[in-house]
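Written below as structure tokens is the structure these notes are about.
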There are 2 protein chains.
Amino acid sequence: MALEHAILVSLTERAGSGYELARRFDRSIGYFWPATHQQIYRVLRRMDEAGWVKHTEIGQDGRPDKKVYRVAAAGRAELSRWLAEPEDPAVLRDGLGVKLRGASLGSVELVLKEIERHRAEHATRLEVYRGIQKRDFPKPSGLRGRELHQYLVLRGGVRAEESFVAWCDEVIDALRKDNK
Amino acid sequence: MALEHAILVSLTERAGSGYELARRFDRSIGYFWPATHQQIYRVLRRMDEAGWVKHTEIGQDGRPDKKVYRVAAAGRAELSRWLAEPEDPAVLRDGLGVKLRGASLGSVELVLKEIERHRAEHATRLEVYRGIQKRDFPKPSGLRGRELHQYLVLRGGVRAEESFVAWCDEVIDALRKDNK
DNA sequence: GCTACCTATGCAACCAGTTGCACTGCACCT
DNA sequence: AGGTGCAGTGCAACTGGTTGCATAGGTAGC
């Protein structure tokens with residue numbers, strides 16, 4: 001598992017509350033490791049009990065109190081232990097493939113519409129990534145170290161979405177021709 | 001959820017036992033919707049109780065008896081209901097991205113090795129897909145209907161692996177240059 | 001004044017996927 | 001004779017992720 005580790009990476013970059021982490025996951029890390037606030041709160045509590053992180057309660061006026069977490073020594077140790085450990089390659093799991101495979105058992109028309117819808121969503125995500133790329137890494141050739149790594153992860157997202165959109169186009173085209 | 005539906009699609013193509021389904025998932029559908037035999041047995045029993053599939057016990061000599069499942073009317077109904085229903089776009093979830101993002105907190109050397117290892121595994125998977133493509137769809141331009149759909153799903157796998165391997169190459173190259 | 005949304009944390013129940021194990025019997029290799 | 005691997009089904013326990021709900025005060029728009 002790696003939600004623990006994703007949180008540790010994020011908290012090492014900058015301390016934050018569960019809520020803030022959930023926002024960060026929505027915007028960046030979560031593109032590669034999605035997580036809801038429920039999951040994040042639960043894991044934070046677990047890691048707190050295990051001594052991987054420590055929290056400081058911060059009273060705010062006008063807003064609810066918050067707990068700001070920062071990585072403890074044990075957390076840093078666990079993180080480098082995990083970084084050195086081999087990771088199982090991720091598997092593809094997309095219901096759209098199953099739907100396409102079964103298209104002829106239902107309405108090919110509808111499956112085609114569905115693929116067009118997915119194409120649009122992935123194209124939007126791609127635009128978001130490209131926006132981040134332009135804004136945060138306008139000159140990638142000069143990047144080094146941590147920033148380079150962040151950039152390369154983003155590149156992974158861009159490539160995945162590009163390839164998905166291209167596949168959708170291939171499918172849409174082929175299904176339309178088959179229908180004629 | 002869609003394991004039910006993945007199984008229904010597979011069983012509609014050809015009736016089979018839980019064991020046979022598990023083999024099929026290992027070889028084809030499972031590239032896009034992985035499942036272990038445990039999961040398959042459990043879901044088959046559930047679908048049997050719900051009347052979506054029916055089984056016939058087949059005694060074999062020299063081998064254990066098996067239950068051959070085939071899709072019942074209720075299963076066909078459920079399948080076309082699901083096919084017409086919108087599906088949430090799949091999310092990317094790859095620990096390797098988290099590792100790369102956190103690389104500078106551990107050993108960049110080791111993360112680089114890890115990425116090379118993943119590259120090799122995905123390249124192997126890509127070769128498997130290309131082999132299937134060559135063997136089963138030597139002339140894709142003439143394909144229609146169900147065969148076309150199967151081919152297009154395979155194309156999705158090929159594209160995903162190609163793009164992953166290309167990303168690995170980009171990362172390996174960039175990390176090596178950064179290290180110099 | 002009402003609705004809606006944001007910040008902030010959390011419980012409880014549920015569902016899906018993973019892992020480890022158990023049993024049988026044949027075939028093949030060493 | 002013993003180990004490995006294949007065919008075949010299955011239980012039990014666990015882990016991780018999802019969904020629905022609760023609470024509470026502040027701000028912004030109609």
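Not measured: the values here are computed from a predicted model. Just so we're on the same page: letters track the sequence lines, and every chain starts at 1.
Across residues 28-44 of chain A, A:Gln38, A:Gln39, A:Arg42 each have a non-hydrogen atom less than 4.0 Å from an atom of DNA chain D (numbered order).
Taking the ring axis of A:Phe25 as reference, the NZ or CZ atom of A:Arg23 does not stay both within 45° of it and closer than 6.0 Å to the ring centre. Both the sub-6.0 Å distance and the 45° axial angle are not jointly satisfied by A:Arg135 relative to the ring of A:Phe137.
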- side-chain contact (heavy atoms from CB on, under 4.5 Å) between A:Gln150 and A:Glu13, worked out: CA-CA 11 Å; A:Gln150 281 185 7; A:Glu13 288 177 4; 3.2 Å; yes
- Message: side-chain contact (heavy atoms from CB on, under 4.5 Å), that's the test. Do B:Leu8 and B:Val53 meet it? Break it down for me.
- Response: CA-CA 8 Å; B:Leu8 286 173; B:Val53 296; 4.0 Å; yes
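In the hydrophobic cluster analysis, where Ile, Leu, Val, Met, Phe, Trp and Tyr join through side-chain heavy atoms closer than 4.5 angstrom, A:Leu100 is grouped together with A:Leu112. Both A:Leu83 and B:Ile172 are part of a single hydrophobic cluster, where members link through side-chain heavy atoms under 4.5 Å apart.
Between B:Leu3 atom CG and D:dG17 atom P there is a gap of 18 Å when expressed in whole angstrom units. Going from atom NE2 of A:His5 over to atom P of D:dG16 covers 10 Å, rounded to whole Å. In this structure, A:Lys66 atom NZ and D:dG26 atom C1' are separated by 15 Å, rounded to whole Å. Atom CG in B:Leu21 sits about 12 Å away from atom P in D:dG8, given to the nearest Å. Taking atom CE of residue A:Met47 and atom P of nucleotide D:dG16, one finds them 12 Å apart after rounding to whole Å. Per the geometry, OH belonging to A:Tyr69 stands 13 Å off P belonging to C:dA8, to the nearest Å. The distance from atom CD of A:Glu20 to atom P of C:dA8 is 6 Å, rounded to the nearest whole Å. C:dA16 atom C1' lies 12 Å from atom CZ of B:Arg93, rounded to whole Å.
The OH atom of A:Tyr151 sits 13.0 Å away from the CD1 atom of A:Ile132 when rounded to the nearest 0.5 Å.
A donor-acceptor pair under 3.5 Å is absent between the side-chain atoms of B:Arg155 and the main chain of A:Trp167, judged by distance alone.
Considering only the side chain of B:Arg23, D:dA7 comes nearest among D:dT9, D:dA7, C:dG10. Out of D:dG10, D:dG8, C:dA8, the shortest distance to the side chain of A:Gln60 is found at C:dA8. Nearest to the side-chain atoms of A:Arg46 among the listed nucleotides D:dG10, D:dG16, D:dG17 stands D:dG16. Here the nucleotide nearest the side chain of A:Ser17, chosen from C:dG10, C:dT9, D:dG10, is C:dT9.
Mapped onto DNA chain C by nearest heavy atom, A:Asp88 and B:Glu4 fall at different nucleotides, with B:Glu4 at the one closer to the 5' end.
Phosphate proximity of D:dA7 to B:Tyr19: present, with a side-chain N or O under 4.0 Å from OP1 or OP2.
Between the two ends of the helix from C:dG1-D:dC30 to C:dT30-D:dA1, each summarised by a five-pair axis, the helix axis turns through 30° (rounded to 10 degrees).
In this structure, A:Trp82 and A:His5 have parallel ring planes: the angle between them is below the 30° cut-off, well short of the 60° mark.
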